[in-house]
There are 2 protein chains.
Amino acid sequence: MSRRIPQARDRGIPDATVARLPLYLRALNGLAERGTPTVSSEDLALAAGVNSAKLRKDLSHLGSYGTRGVGYDVQYLIYQISRELGLTQDWAVAIVGVGNLGRALANYGGFVSRGFRIAGLLDADPRVVGDRISGLVVEHTDELEAVIKKRGVSIVVIATPASAAQQVCDRVTAAGVTSILNFAPVVLTVPDGVDVRKVDLSIELQILAFHEQRKANGGPIMSEEWPDGVVM
Amino acid sequence: MSRRIPQARDRGIPDATVARLPLYLRALNGLAERGTPTVSSEDLALAAGVNSAKLRKDLSHLGSYGTRGVGYDVQYLIYQISRELGLTQDWAVAIVGVGNLGRALANYGGFVSRGFRIAGLLDADPRVVGDRISGLVVEHTDELEAVIKKRGVSIVVIATPASAAQQVCDRVTAAGVTSILNFAPVVLTVPDGVDVRKVDLSIELQILAFHEQRKANGGPIMSEEWPDGVVM
DNA sequence: CCGACTTTGTGCATCGCTTCACAAAGCTAC
DNA sequence: GTAGCTTTGTGAAGCGATGCACAAAGTCGG
């Protein structure tokens, strides 16, 4: 996406690395809770479920924060990764769509270990508006733009039905939001510069089904190209 | 993972392609509902949010199902992709952990367009056991192995707290399940041959935060390496 | 101060996915 | 049958991520 010129101290961290940093952070937090002062790339990689060479290369993109012969200082590395991910500041998040999923997200314990704060819950259904969920009152989607501006919302979670998702998306991007987490099963169209991440249960299940089928037999039965002699 | 020998009609479909097939399928279903008989790679790619060359290469892995000068027959392509993904059969899915998230998943409308059927809802909390959710009665996790065997469950969704996830995982894999969709924020350890897919809200938010921070300034403030003069 | 040991950081080869660009294939009109 | 148009399927180049393997850098005991 972003076109960058490689530099001496290149701040362009590969996407694949960024996607793994939260994993390392979680593993490190576990170690910190148990009071572990330092950790080797080997052990941290094991805890995060990746191989150690990859872990070292990932961390090398942030800087040279390890000590040869010793490993990484757990607290220091937690701080560096948190800073890189932007978790040293609080992000105001609004959740649009307070159905089953929206409620589940709103109640998600502590809303992920620090860094994020639910600043608004919105729904289009008048019967839901006014409900109190984990300390917040659900507001009507008419207030969407006002809530975003008033409370400095920079990340919006879309947990609406598929049919409403694009419209919500258009409104929040128009209101200046540039980061969206989409749970609705649709491909969102957004202006340049807006990041959308998608979480899609049905896609995940379908990928699992594919592999499951592969395990059962060697793939689909090749002789059967179309059922019951359907003609083209 | 699986070591394959390339063949004339290679059935080894790249992972990246498999991950996109459900997207194409969804777009095709939308077209089918509107009665569109055929579609070009260009139009289908647009609807699925990918570029057309990639779409054509993806579809070419399934076989040669298009007609030059015309495009793809919508119905036929739906059938071929469904078959490849293993959606022409029904998969029995069990959901373990009926908290907010488990309920949201259980109520997920029609449980994704065909191919999957919820065969069990299980929870360790006696206060939840016996609840009726979208036509199913919640059973106790003591019954886990029995439910899996009795109802031919082949895919398990883990929606438990993080602390219970590995234990549930161990039990279901021991019971013969080889496909797991994990919503708990932990790295699951599984035997060879078991597929785990992970859905993790906090990771997605952290990735968004990273990019959001990049947009705001040119990255973290480099001068500040550690706050308040903390000594190492 | 030295030598043995540990562990990081990285150059390099490799792999898999993406994208381009175009020949081959099929359609329609005449 | 042929010309002209459309669109697929794919060879090949490009690009980024992975993993190996090792030199560099640091620790520790004596």
*How would you list, by chain and number, every residue that makes a salt bridge (charged side-chain N to carboxylate O under 4.0 Å, His left out) with R68(B), sequence neighbours excluded?*
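In terms of salt bridge (charged side-chain N to carboxylate O under 4.0 Å, His left out), with neighbours along the sequence ignored, R68(B) is linked to no residue.
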*asked:* Can you list everything that forms a salt bridge (charged side-chain N to carboxylate O under 4.0 Å, His left out) with D43(A)? Sequence neighbours excluded, please.
replied: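 With sequence neighbours excluded, D43(A) shows a salt bridge (charged side-chain N to carboxylate O under 4.0 Å, His left out) to no residue whatsoever.
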*Taking atom types as modelled, find out whether E33(B) and N29(B) have a side-chain donor-acceptor pair closer than 3.5 angstrom.*
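Short answer, no.
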*Classify the side-chain pair Y79(B)/Q75(B) by whether it contains a donor and acceptor separated by less than 3.5 Å.*
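No, because no side-chain N or O of Y79(B) sits under 3.5 Å from a partner of the opposite role on Q75(B).
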Interatomic distance, [X] [atom1] vs [N] [atom2] [rounded to whole Å]:
X: R20(B); N: dT19(C); atom1: CZ; atom2: C1'; answer: 12 Å
X: L55(B); N: dC20(C); atom1: CG; atom2: P; answer: 14 Å
X: L77(A); N: dG9(C); atom1: CG; atom2: C1'; answer: 14 Å
X: K54(A); N: dT14(C); atom1: NZ; atom2: P; answer: 19 Å
X: D58(B); N: dG9(D); atom1: CG; atom2: P; answer: 12 Å
X: E42(B); N: dT19(C); atom1: CD; atom2: P; answer: 13 Å
X: Y24(B); N: dT8(D); atom1: OH; atom2: C1'; answer: 15 Å
X: L46(A); N: dT7(C); atom1: CG; atom2: P; answer: 14 Å

*May I ask you to decide if T189(B)'s main-chain N or O and Q166(B)'s side chain share a donor-acceptor pair within less than 3.5 Å?*
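Here the side-chain-to-backbone pair exists.
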_Where protein sits on nucleotides 20-30 of chain D, one letter per nucleotide: B base, S sugar-phosphate only, - none, heavy atoms under 4.0 Å_ = BB--BBSS---
*State, yes or no, whether a side-chain contact exists between D195(A) and R214(B) at a heavy-atom distance under 4.5 Å.*
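Result no, sub-4.5 Å side-chain heavy-atom pair not found.
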*asked:* Is there a side-chain contact between L201(B) and F183(A) in this structure, where contact means two heavy atoms from C-beta onward sitting under 4.5 Å apart?
replied: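 A side-chain contact under 4.5 Å exists here.
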State whether [X] places a side-chain N or O below 4.0 Å from either non-bridging phosphate oxygen (OP1 or OP2) of [N].
X: S41(A); N: dT7(C); value: no
X: Y72(B); N: dG9(D); value: yes
X: S64(A); N: dG9(C); value: yes

